[in-house]
Amino acid sequence: MTPAFRLPVHTRQLAVAAYAVLAAAIGFDLSTGPHWTISPVLAAAPVLAGVGTRRARIPLAVGAVALVLVVVLGVHDRAVALLDQVASGFAVLATTCISAANVVLVATRERELVHSRSVAEAAQLALLRPVPERIGGLRVAVRYLAAAADARVGGDLYEVLETPCGARLIIGDVRGKGLPAVETAADVLGTFREAAQVEAGLGDVARRLDAAVRRRGGGEEFVTAALLHIGEPDAPAEMVNCGHPPPLCKQGDAVTRIEARTADGDPPLALRELDERPYHTERFTFGRGDLLVLYTDGVTEARDAEGRFYPLESRLARMPENSPDALADRLVADLLAHAGGTLSDDAALLVVRRQH
């Protein structure tokens with residue numbers, strides 16, 4: 001089935017204006033003498049009809065009407081050479097065929113895009129399984145926002161696990177789009193779900209993930225990811241950040257960026273061979289009632305009508321919600337309002353609150 005399509009307001013206004021100009025030209029021709037004609041401009045009619053439609057019969061029908069008008073104007077403009085009138089007719093025929101063919105081509109490509117996207121989305125939904133609302137002493141909420149319909153599916157990923165060591169979380173973003181990105185995300189999540197259960201340190205988990213992405217080959221594929229460990233209430237939380245946007249910790253009205261203290265941080269997954277140093281583990285306070293907000297760059301890189309990025313940190317500081325679900329819903333609504341209702345890239349939000 002051909003997807004619904006609606007022209008932007010300004011484009012519709014320009015198309016209507018073009019039709020009005022054609023109608024005015026025809027009326028002017030009919031109201032003047034038989035010594036000149038505007039019939040050649042009727043070749044523009046089927047081209048205009050092809051703008052915004054996904055049905056070939058529309059430019060074909062408009063082309064047929066334009067041909068009839070060429071004949072009508074030919075009868076009216078008797079002093080114009082017959083050869084000129086015939087040329088106008090052939091011009092209308094040619095543009096009608098071209099416009100109809102273009103409509104068929106665009107509609108076919110859109111159907112292929114919709115099919116490809118639906119396959120990628122199905123694969124994505126299969127690997128991004130629902131996270132538990134409660135895990136140990138934590139409450140968790142996750143929101144995933146798909147990009148605009150004509151954008152390709154991204155490789156955002158997330159997971160929350162209860163392990164013998166405590167809760168372990170990951171949020172990440174694969175470089176690239178479409179099925180290859182979804183396949184890479186599946187490899188990362190599969191490795192994380194196994195490694196997080198058996199590896200003692202986050203650095204060891206990160207090294208396993210790095211090796212898994214490198215095994216895929218390609219040379220240009222990498223994944224940014226933030227890995228977190230939340231253990232006993234009196235123990236600090238831990239983070240290994242592999243080139244990902246830093247999580248935010250909300251303690252009352254204060255919002256803190258959880259950033260590595262090293263000068264350059266750890267590289268994205270698959271680029272570890274460029275850096276032989278051990279992974280840096282950042283420890284931070286995450287007490288009772290505190291909130292952690294993890295996100296992908298689809299959130300912070302969402303732009304408003306003036307091209308300004310979404311100011312997540314300052315907006316979060318002004319939000320009073322304490323429940324992860326309520327805060328996640330508030331952030332989503334605020335983000336979409338900032339971006340005008342649609343995003344150009346997929347976005348994931350993971351909100352965690354320590355209950356005790």
Side-chain angles (χ1 to χ4, degrees), residues 127-128 131-132 135-138 140 142 155-175 184-249 256-287 290 292-297 348 350 352 354:
L127 68 96
L128 294 178
V131 300
I135 180 169
L138 307 176
V140 182
V142 65
D156 290 9
L157 59 96
Y158 53 82
E159 182 61 286
V160 179
L161 297 174
E162 187 168 15
T163 75
C165 304
R168 284 184 167 173
L169 303 80
I170 185 173
I171 191 162
D173 190 0
V174 181
R175 178 185 183 273
T184 301
D187 283 352
V188 171
L189 286 175
T191 302
F192 176 77
R193 287 162 181 161
E194 191 272 330
Q197 297 287 348
V198 298
E199 298 292 350
L202 281 182
D204 297 322
V205 177
R207 196 167 295 280
R208 292 270 301 272
L209 296 176
D210 180 85
V213 180
R214 274 194 284 116
R215 282 195 297 269
R216 289 186 56 83
E220 297 182 356
E221 196 168 62
F222 63 84
V223 182
T224 67
L227 287 69
L228 284 90
H229 172 87
I230 303 173
E232 296 298 324
D234 56 348
E238 298 178 351
M239 178 191 71
V240 169
N241 193 324
C242 302
H244 198 74
L248 301 176
C249 184
T256 306
R257 294 161 63 94
I258 310 302
E259 295 184 288
R261 291 191 175 91
T262 54
D264 49 2
D266 289 305
L269 303 176
L271 302 182
R272 191 63 193 181
E273 61 183 351
L274 305 177
D275 187 348
E276 296 300 325
R277 294 173 298 175
Y279 281 94
H280 173 77
T281 300
E282 180 69 25
R283 293 173 174 82
F284 62 96
T285 301
F286 184 49
D290 292 348
L292 270 177
V293 177
L294 290 73
Y295 55 95
T296 58
D297 59 11
L350 185 59
V352 183
R354 187 188 279 281

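Residue numbers start at 1 and run along the sequence shown.
- Residues that satisfy the salt bridge (Lys or Arg N to Asp or Glu O under 4.0 Å) test with Arg257, not counting sequence neighbours, are Glu259, Glu313.
- In this structure, CG on Leu269 lies 11.5 Å from CG on Asp173, to the nearest 0.5 angstrom.
- Taking each heavy atom of Leu294 and Pro247 in turn, the nearest pair found is CG-CB, 4.1 Å.
- Taking 4.5 Å as the limit, every side-chain heavy atom of Phe222 sits out of range of all side-chain heavy atoms of Pro267.
- With rounding to the nearest 0.5 Å, the separation of CD in Glu194 from CG in Leu161 is 11.0 Å.
- Between Ala185 and Val174, the shortest heavy-atom distance links the atoms N-CG2, 3.9 Å.
- Not counting sequence neighbours, Arg354 has no partner by the salt bridge (Lys or Arg N to Asp or Glu O under 4.0 Å) test.
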Problem set entry | Audit row: Val352, Val160, side chain to side chain contact (heavy atoms under 4.5 Å, CB included) steps and yes/no | CA-CA 10 Å; Val352 183; Val160 179; 5.6 Å; no
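- Within the 4.5 Å cutoff, no side-chain heavy atoms of Leu292 are placed close to those of Met239.
- Here the straight-line distance linking atom CG of Leu138 with atom CZ of Phe286 works out to 6.0 Å at 0.5 Å rounding.
- In this structure, CZ in Phe284 is found 5.0 Å from CD1 in Ile258, a value given to the nearest 0.5 Å.
- When the side-chain contact (heavy atoms from CB on, under 4.5 Å) test is applied to Ala348, the partners found at least two apart in sequence or on another chain are Tyr144, Asp156, Tyr158, Ile171, Thr296.
- Taking Asp210 as the reference, Arg214 meet the side-chain hydrogen bond (donor to acceptor under 3.5 Å, both in side chains) condition, with sequence neighbours excluded.
- Nearest heavy-atom pair, Val198 versus Arg208, reported as atom, atom and distance to 0.1 Å: CG2-NH1, 4.2 Å.
- In this view, Glu162 satisfies the salt bridge (Lys or Arg N to Asp or Glu O under 4.0 Å) rule with no residue, not counting sequence neighbours.
- Once rounded to the nearest 0.5 Å, the distance linking OG1 of Thr163 with CD1 of Ile135 reads 8.0 Å.
- With Val240 as the partner, the side chain to side chain contact (heavy atoms under 4.5 Å, CB included) test is satisfied by one option alone out of Ile170, Leu202, Leu209: Leu202.
- Interatomic distance, Thr281 OG1 to Asn241 CG, rounded to the nearest 0.5 Å: 11.5 Å.
- Minimum interatomic distance between Asp266 and Pro278 (heavy atoms only, all atoms of both residues): OD1-O, 4.1 Å.
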Show which side-chain atoms of residues 223-230 pair as donor or acceptor with protein atoms under 3.5 Å away, not counting sequence neighbours.
{"unit_1": "Thr224", "atom_1": "OG1", "unit_2": "His244", "atom_2": "ND1", "d": "3.0"}
{"unit_1": "His229", "atom_1": "ND1", "unit_2": "Arg168", "atom_2": "NE", "d": "3.2"}
{"unit_1": "His229", "atom_1": "NE2", "unit_2": "Cys165", "atom_2": "O", "d": "3.3"}

Donor-acceptor pairs under 3.5 Å, side chain of residues 231-238 to any protein atom, not counting sequence neighbours: which ones?
{"unit_1": "Glu238", "atom_1": "OE2", "unit_2": "Arg283", "atom_2": "NE", "d": "3.4"}

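- Not a single side-chain hydrogen bond (donor to acceptor under 3.5 Å, both in side chains) links Gln197 to another residue, sequence neighbours left out.
- Evaluation of the side-chain contact (heavy atoms from CB on, under 4.5 Å) rule for Asp187 yields Arg216 as partners, not counting sequence neighbours.
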